[in-house]
Each structure stands twice: as C-alpha cells, then as structure tokens.
Amino acid sequence: MNATFNHYLLELTAVDPIRLSHPDSLSALVVAAAGAVGMPGLGPPVAREGAGEIAVALLCLEGHIVLHCVPAQGICLIDIVARAPADVGKGIEVISRRLAS
C-alpha cells in the first residue's frame with residue numbers, strides 16, 4: 001500500500017530566540033519551505049501570537065506547514081504534510097537551515 005501523504009514532525013531546540021520572535025520572518029520561512037516542497041499556498045500564512053508563543057500556518061492545496069515557536073525557550077515544532085510523492089524533507093531542510101544560521 002502506497003502512502004497518499006508524507007508527514008514530518010520535528011522539534012528543534014536551542015534555536016536563537018531572535019530567529020523565533022518575528023512572525024513576519026517566520027511567515028516568509030513557511031512560504032520558502034512550501035516552495036521547496038512544491039506546494040503552492042492557498043493564501044498567505046496566518047500568524048498568531050499569545051502567551052509568549054507564536055504559531056504560523058500555511059495551508060496548501062495538498063498539505064500544510066505549521067510552526068509552533070516558543071522564542072524564550074528556543075523551541076520550534078515543525079509540522080509538514082504533503083501529498084505523496086512530495087519530499088517534505090526539503091521543507092524541513094529549508095526551515096532548519098534558516099533557523100540555525
């Protein structure tokens with residue numbers, strides 16, 4: 001049985017809090033990751049802040065990319081779902097590389 005969707009969930013720790021503190025930058029990041037995966041967005045990313053955390057989501061025709069960030073703790077949870085055979089690892093690479101630099 002072949003998978004219909006590919007899914008990757010990754011928690012990054014020890015990320016520079018400055019990199020996780022700007023919703024606009026995080027929004028641009030999910031757009032770049034979606035481009036790497038080959039998933040066009042269905043609209044602009046949605047970013048919400050509250051209680052010291054930031055969530056950014058990009059809904060795509062065949063999946064989604066969501067970041068849950070806790071800047072003060074340097075934590076970022078990345079969730080990417082894409083219709084197979086899309087390589088969700090490419091999106092993870094884009095996000096990981098930009099948050100690590």
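What you are looking at is a predicted structure, and each value in this text was computed from that prediction instead of being measured. The basis for the numbers below is simple: all heavy atoms, side chains too, and nothing from hydrogens, waters or symmetry mates.
Rounding to the nearest 0.5 angstrom, the gap separating the SG atom in Cys69 from the NE2 atom in His22 is 11.5 Å. In this structure, His64 NE2 and Met39 CE are separated by 8.0 Å, a value rounded to the nearest 0.5 Å. Note that the NE2 atom of His68 and the CD1 atom of Ile78 stand 11.5 Å from one another [nearest 0.5 Å]. Taken to the nearest 0.5 Å, the CG atom of Asp16 stands 12.5 Å off from the SG atom of Cys76. To the nearest 0.5 Å, atoms CG (Leu12) and CG (Leu20) are separated by 8.5 Å.
Each of Val66 and Leu29 belongs to its own hydrophobic cluster when Ile, Leu, Val, Met, Phe, Trp and Tyr are linked at side-chain heavy-atom distances under 4.5 angstrom. Linking ILVMFWY side-chain heavy atoms closer than 4.5 Å, directly or via other members, places Val31 and Leu42 in two distinct hydrophobic clusters. When hydrophobic clusters are built by joining Ile, Leu, Val, Met, Phe, Trp and Tyr residues whose side-chain heavy atoms come closer than 4.5 Å, directly or via intermediates, Ile75 is not grouped with Leu26. Both Leu99 and Tyr8 belong to a common hydrophobic cluster when Ile, Leu, Val, Met, Phe, Trp and Tyr are linked at side-chain heavy-atom distances under 4.5 angstrom. Residues Val56 and Val15 fall within the same hydrophobic cluster, defined by Ile, Leu, Val, Met, Phe, Trp and Tyr side chains chained together at heavy-atom separations under 4.5 Å.
Of all heavy-atom pairs between Ser27 and Ala47, the closest is OG-CB, 3.9 Å. The heavy-atom pair separating Cys60 from Gly41 by the smallest distance is SG-CA, 4.0 Å. Residues Gly52 and Pro71 come closest through the heavy atom pair O-CD, 3.4 Å. The heavy-atom pair separating Leu58 from Pro44 by the smallest distance is CD1-C, 4.1 Å.
Of the residues listed (Ile95, Asp79, Ile92), the one engaging Ile65 in a side-chain contact (heavy atoms from CB on, under 4.5 Å) is Ile95, and it is the only one.
For Asn6 (side chain) and Ala82 (main-chain N/O), no donor-acceptor pair under 3.5 Å exists by modelled atom type.
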Do Ser96 and Leu10 pass the side-chain contact (heavy atoms from CB on, under 4.5 Å) test, and can you show the C-alpha distance, the side-chain angles, and the key distance before you say yes or no? CA-CA 10 Å; Ser96 298; Leu10 176 68; 4.0 Å; yes
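By the 4.5 Å side-chain criterion applied to Ile, Leu, Val, Met, Phe, Trp and Tyr, Leu77 is assigned to a cluster that also includes Leu9.
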